Amino acid sequence: MIKRIQEILGERETGVTVTVQGWVRTRRDTGSFSFLEVNDGSCLANLQVIAEQDLDNYEGEVARLSAGCSVQVTGTLQESPAKGQAVELLADELVVVGWADPESYPLQKKRHSLEFLRSISHLRPRTNALGAVARVRSHLSFSVHRYFQEHGFAQIHTPIITTSDCEGAGEMFQVSGGNEKGKDDFFGKPAGLTVSGQLQAEVYAQALGQVYTFGPTFRAENSNTSRHLAEFWMIEPEMAFCDLQCNIELATDMLKWVLADVLDSCTEDLTLFDKFIEKGLIQKLQKVIADDFVQISYTDAVAELDKQSQQFEYPVQWGIDLQSEHERYLTEKIYNCPVIVTDYPSSIKPFYMRLSDDGRTVAAMDILVPGIGELVGGSQREERLDVLTKRMIEAGIDIKEYDWYLDLRRYGTVPHAGFGLGFERLVQFVTGMANIREVIPFPRTPGFAPC
Ligand code: 4AD
Ligand code: MG
């Protein structure tokens, strides 16, 4: 029976015959046999294989194995005398499935820099760190779906190609023509890749009550930072009959739930990150789950930042959009915990956010976390037809194009709210990876899209 190494190490059963398939990490020869460390990607740990010289292909093949070769080994599990592992596999048969030339294989035993690994994105998941990121990312994705599904949310597949620019920031990648031959717009009007599924999620929230989308999102912004990608994944719940506070409660509850789940399920991988990527990572995550988040209005946050002796590159004053340096100062230096900033000036936020009674702020909220800055951006939406129409016209939006969106306010409008959580930023927060390019398999940034 072919078994995954994760299962073998979990069961610690000895005396049974199993077959494993994986890639050799190292080979060490001693006396009459070789030790092979084999990894199959199911977990961080390798399985130690003992290959004795009496194997038929020992001289011809086993003794030539090197990092990266793929093998299939059948043998008996036995108690391991070595420290740190319960069982090892005594090989009865070892088949070399694929060779890897040791002269040219880029992943040698030494530690490689994350920058170097980025240049070989087709091989980097075979390393401990990037393999662990991929497993944690997968589990986080599963966890997010589980949270929403178990809390009565329906998943909506919102379109990737769209004719509406949700954020109105002009950062859409254009989808031109239909194919190379066709010159006309395939859709009869200009279309682009979605910057957010929110507007379409609002449609379904006002029919199903509680929905979420979790899909790829594209931004043609020229940001070369450690927290921006041109293609990223976003989780966007949308709830009818929900105001800003209820939105904040959902975001907080979801975040804590998902973090607790990943802490529980990905212990081995998180321990690696805690040791080699961000010291104290596990404690940081436990603290975020246990402690209340700080909630503060934009106006108070600006006043708080203004009080500091810190010289910011962008001076702080009411009306500016908070820059990453301000966000990180709030969450890392002043409060040292996640901070929810609410009620931003309407002038710096998109048309769909609900205008407050003061006439100059909107019911917006961002959640800022240490090491990252903005993790979540959300708001209560403008449900009043007249106010929304006025704001759209002021923003220079052609309201004829958004008649469907206005219909939602004409027919059975309700207070509703939602948010967007950047999935890669969540994976960064959980793994401690300083650069967002490490937490998505194939990062796309300005000038970079290798495969
Ligand atoms: O704050 P944003 O732009 O909000 C929206 O798009 C809303 N329509 C969401 C909603 O209310 N349904 O983006 C939401 C989150 C940010 O907080 C950030 O975590 C992430 O998406 N994000 C990015 N992540 C990686 N690369 C980028 N270029 C990102 N831009 C935003
Ligand atoms: Mg935002």
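In this text, all values refer to a predicted model and were calculated from it rather than measured experimentally. For ligands, and for the atoms within them, numbers begin at 1 and follow the listed sequence. Any value given below was found using the heavy atoms of this structure, including those in side chains, with hydrogens, waters and symmetry copies removed.
- Side-chain contact, Tyr405 with Glu202: a donor N or O sits under 3.5 Å from an acceptor N or O.
- Residue Tyr352 places a heavy atom under 4.0 Å from ligand 1.
- Within the 4.0 Å heavy-atom shell around ligand 1 one does not find Glu238.
- Of the heavy atoms in Asp366, none comes closer than 4.0 Å to ligand 1.
- Under the 6.0 Å cut-off for aromatic ring centres, Phe442 and His122 do not qualify, their centroids lying 6.0 Å or more apart.
- Contact detail for Val195 and Asp165: the closest heavy-atom pair is CG2-OD1, 3.7 Å.
- Distances below 4.0 Å separate heavy atoms of Ser196 from the following atoms of ligand 1: 6 (O), 8 (N).
- Applying the 4.0 Å criterion to heavy atoms of Gly422 picks out, from ligand 1, the atoms 15 (C), 19 (O), 20 (C), 21 (O).
- Side-chain contact of Gln72 with Gln21: a donor-acceptor pair under 3.5 Å is present, judged by distance alone.
- The protein atom (non-hydrogen) at minimum distance from atom 11 (O) of ligand 1 is Arg381 NH2, 2.9 Å.
- Closest to atom 24 (N) of ligand 1 among all protein heavy atoms lies Phe232 CD1, 3.5 Å.
- In terms of heavy atoms, Thr331 sits closest to Leu368 at OG1-O, 3.6 Å.
- When side chains are defined from C-beta on, Cys246 counts as touching Met239, because their heavy atoms get closer than 4.5 Å.
- The shortest N or O to N or O distance between Ser379 and ligand 1 is not under 3.5 Å.
- Some N or O of Leu375 is nearer than 3.5 Å to an N or O of ligand 1, by distance alone.
- Under a 4.0 Å criterion applied to the non-hydrogen atoms of Arg227, ligand 1 contributes the atoms 25 (C), 26 (N).
- Protein heavy atom closest to atom 3 (O) of ligand 1, with residue, atom name and distance, is Arg219 NH1, 2.9 Å.
- In summary, Lys400 and Asp403 do not engage in a salt bridge, as defined by a charged side-chain N under 4.0 Å from a carboxylate O.
- Counting atoms of ligand 1 from 1 in the listed order, those under 4.0 Å from a heavy atom of Glu236 are 8 (N), 9 (C), 10 (C), 12 (N).
- Regarding atom 16 (C) of ligand 1, its nearest protein heavy-atom neighbour is Glu374 OE2, 3.3 Å.
- Arg381 and Ser379 share a side-chain donor-acceptor pair at under 3.5 Å.
- Side chains of Tyr314 and Glu325: no donor on one and acceptor on the other come within 3.5 Å.
- Between Leu229 and ligand 1, at least one N/O pair is under 3.5 Å apart.
- Cation-pi check for Lys390 over Phe351 is not met; the charged atom does not lie both under 6.0 angstrom from the ring centroid and within 45 degrees of its normal.
- Near Met234, meaning under 4.0 Å from one of its heavy atoms, ligand 1 places the atoms 6 (O), 13 (O), 14 (C), 15 (C), 21 (O).
- For the pair Arg360 and Trp318, the distance from NZ or CZ to the six-membered ring centre is under 6.0 Å and the angle to the ring normal is within 45 degrees.
- Glu374 contributes atom OE2 as its closest N/O/S atom to the Mg ion (ligand 2).
- At under 3.5 Å, not a single nitrogen or oxygen of Leu421, backbone or side chain, sits near a nitrogen or oxygen of ligand 1.
- When only non-hydrogen protein atoms are considered, atom 18 (C) of ligand 1 lies nearest to Arg425 NH1, 3.5 Å.
- Among all protein heavy atoms, the one lying closest to atom 4 (O) of ligand 1 is Glu167 OE1, 4.0 Å.
- Geometrically, ligand 1 and Gln198 share a nitrogen or oxygen pair separated by less than 3.5 Å.
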Derivation and outcome, side chain to side chain donor-acceptor pair (under 3.5 Å), residues His139 and Asp261: CA-CA 9 Å; His139 190 87; Asp261 186 49; 3.0 Å; yes

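- Using a 4.0 Å cutoff on heavy atoms, Arg444 does not count as a contact of ligand 1.
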